Amino acid sequence: MLTTASGRVEGKQVPSNSTQVAAYIIAAIAPVMRLYAHIADMILTYLQRDATKEPYRKWLEYYRSEEIEDIAQKNEDLLGILCTPLTEEELEITERLCHKAIKLHVEFLASQPMFQRTVVPLFSLQDPNMTQLTIFSNFDMTCSVDHYHAMLGQIAIATSTSSQPPEDLGNEFDVISNQYREGYERCMESISSCAPGKENEFDYDRLKNALEKFVEFEKKTHAKLEESGILKGLSLDGIKKAGQESLILSDGCREFFKMIVKNKNPSLDVHVISYCLSDDLIRSAFSSDLEALNIHSNDLVYNEYSVTTGEIVKKLESPFDKFKTFKKILEEYKE
């Protein structure tokens, strides 16, 4: 900060009274306000509701207050004004300063010693050259924006080699899709609902029963898709093309995995877990330069002509299956 304020930026001297220096200084300050507000909000979310004796509660509540939000917004508005006359190169420097400010503060916070088991919204920084780092990621509605049922239905209608007219396939899929949507909403409602007066209590048995009903519902949906024949006659090339061109991933998802794979460090390993009925669909969505990812999902069965038979190799149909897969992978690392 002192170096930037003196006009020394990335090894070059900038006139200390210029708009550039003012923009660079605010660029180093503005993101930090957002970072502290985010950390305070996350920690307060995980604190017990009755944790009034938490020694840092006042500090946390202050950084989550409207006062801090107002300061952060004013800093960002000022930064926008100061950046208006800057050149493209100067804007890139401003962006790098923002990233560096966040990086330095995260490193500072992560370096603090922890004397007890602690829940914090930051992980300790890891040196991949010193440790085996395994990254697990959910795919469904985490990486993906749309549910895979809708995507596979669209692929079936657009690419199927079946003799059944596209209109009939579309109508049949709409019926199954609507039934799934209604059933899914009922399952989510049963999971989120609770008895009057017990809104703040965690009911393990009720949640477990609700998840079991959801598992049963998912399995019935997969069985309907299999029985309907909608998934029969899909070409492997058509599935891959749809994954590359139509399957929308959340902003930053593909770039995040690319950054990891590009590292080419043997101590880094990535596993993506999904209910999706086609691992080929997921692989194609991530593109060919991410073949190093380990995809765990269900599979569609293909004949000798790389066309689906309509059968599904069911390996992951529930949250319990995902957890079993997660534990199995961890056991393999222990061995």
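Since the model is a prediction, treat every value here as computed from it, not as a measurement. Basis for what follows: all heavy atoms, side chains included, without hydrogens, waters or symmetry-related copies.
- Side chain of D41 to backbone of A37: no donor-acceptor contact under 3.5 angstrom is found.
- V313 and L300 fall into different hydrophobic clusters, where Ile, Leu, Val, Met, Phe, Trp and Tyr are joined by side-chain heavy atoms under 4.5 Å apart, directly or via other members.
- Clustering ILVMFWY residues whenever any of their side-chain heavy atoms sit less than 4.5 angstrom apart, transitively, puts F139 in the very cluster that holds I295.
- Rounded to the nearest 0.5 angstrom, T309 OG1 and K232 NZ are separated by 8.0 Å.
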side-chain hydrogen bond (donor to acceptor under 3.5 Å, both in side chains) for H271 and D269? Distances and angles first, verdict last. CA-CA 7 Å; H271 295 265; D269 202 11; 3.2 Å; yes

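- Between K240 and D280 there is no salt bridge, since none of the side-chain N atoms of the basic residue sits less than 4.0 Å from a carboxylate O of the acidic one.
- Across L82 and T19, no two heavy atoms sit closer than the pair O-CG2, 3.6 Å.
- Heavy atoms of other residues, nucleotides or ligands lying less than 6.0 angstrom from CG of D251 number 12 at most.
- Here the closest heavy-atom approach between residue L249 and residue C253 is recorded as CB-CB, 4.3 Å.
- A donor-acceptor pair under 3.5 Å is absent between the side-chain atoms of S306 and the main chain of Y302, judged by distance alone.
- Between L236 and V307 the shortest side-chain heavy-atom distance does not fall below 4.5 Å.
- Considering only residues two or more places apart in sequence or on other chains, I102 meets the side chain to side chain contact (heavy atoms under 4.5 Å, CB included) condition with P31, L35, V106.
- Y24 and I81 are not part of a single hydrophobic cluster, where members link through side-chain heavy atoms under 4.5 Å apart.
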Please determine whether side chain to side chain contact (heavy atoms under 4.5 Å, CB included) holds for the pair R64 and I68, giving the CA-CA distance in whole Å, both sets of side-chain angles, and the decisive distance to 0.1 Å. CA-CA 7 Å; R64 196 173 67 166; I68 290 297; over 6 Å; no

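- In this structure, K241 does not pair ionically with D237, as no charged nitrogen and carboxylate oxygen lie closer than 4.0 Å.
- Linking Ile, Leu, Val, Met, Phe, Trp and Tyr whenever their side-chain heavy atoms come within less than 4.5 Å puts F136 and F323 in one cluster.
- Remark: T325 OG1 to K322 NZ distance equals 9.5 Å, nearest 0.5 Å.
- Between E212 and K208 there is a salt bridge, since a side-chain N of the basic residue sits under 4.0 Å from a carboxylate O of the acidic one.
- No side-chain heavy atom of C143 sits less than 4.5 Å from a side-chain heavy atom of N138.
- The 12-atom threshold is exceeded at CD of E255, counting heavy atoms of other residues, nucleotides or ligands nearer than 6.0 Å.
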Under the side chain to side chain contact (heavy atoms under 4.5 Å, CB included) rule, what do L91 and C83 come out as? Steps first, then yes or no, please. CA-CA 7 Å; L91 288 173; C83 285; 3.7 Å; yes

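- Here the side chains of H105 and Y36 are in contact, with some heavy-atom distance below 4.5 Å.
- Contact annotation: the side chain of E218 approaches that of H222 to within less than 4.5 Å [non-hydrogen atoms, C-beta and beyond].
- Every residue two or more places apart in sequence or in another chain that forms a salt bridge (charged side-chain N to carboxylate O under 4.0 Å, His left out) with K220 is listed here: E216.
- Rounding to the nearest 0.5 Å gives a distance of 6.0 Å between CG of L79 and SG of C98.
- For the atom pair S318 OG and L316 CG, the distance stands at 8.0 Å (nearest 0.5 Å).
- The salt bridge (charged side-chain N to carboxylate O under 4.0 Å, His left out) test applied to E92 returns no partner, not counting sequence neighbours.
- Looking only at side-chain heavy atoms (C-beta outward), L44 and E61 come within less than 4.5 Å of each other.
- In plain terms, the two heavy atoms of S297 and S278 that are nearest each other are OG-C, 4.1 Å.
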Walk me through it: do R34 and E76 pass the test side chain to side chain contact (heavy atoms under 4.5 Å, CB included)? CA-CA 10 Å; R34 288 293 182 191; E76 290 165 2; 2.6 Å; yes

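- With sequence neighbours excluded, no residue forms a salt bridge (charged side-chain N to carboxylate O under 4.0 Å, His left out) with D77.
- Annotation: salt bridge (charged side-chain N to carboxylate O under 4.0 Å, His left out) contacts involving residues 300-313, sequence neighbours excluded, are absent.
- In this structure, the side chains of L78 and K74 stay at 4.5 Å or more apart for every pair of heavy atoms.
- Here OG1 of T134 is found 7.5 Å from CG of L330. Values are rounded to the nearest 0.5 Å.
- With respect to the salt-bridge test (charged N to carboxylate O, under 4.0 angstrom), the residues K315 and D321 do not qualify.
- Listed by first then second residue, pairs satisfying salt bridge (charged side-chain N to carboxylate O under 4.0 Å, His left out) with a partner in residues 222-231 read E226-K314, not counting sequence neighbours.
- Annotation for D140 and C276: closest pair OD1-N, 3.9 Å, computed over non-hydrogen atoms.
- In the hydrophobic clustering of this structure, V32 groups with Y62; members are Ile, Leu, Val, Met, Phe, Trp, Tyr whose side-chain heavy atoms approach within less than 4.5 Å, directly or through other members.
- In this structure, I39 and Y63 have side chains that are not in contact, with every pair of non-hydrogen atoms separated by 4.5 Å or more.
- For the pair T308/V301, no side-chain contact is recorded, criterion being any heavy-atom separation below 4.5 Å from C-beta on.
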Test side chain to side chain contact (heavy atoms under 4.5 Å, CB included) on N75 and M33; report intermediate values, then the result. CA-CA 9 Å; N75 281 339; M33 298 298 292; 3.8 Å; yes

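- Minimum heavy-atom separation, N298 to Y275: ND2-O, 2.7 Å.
- If you take NZ on K324 and CD1 on I329, they are separated by 14.5 Å, rounding to the nearest 0.5 Å.
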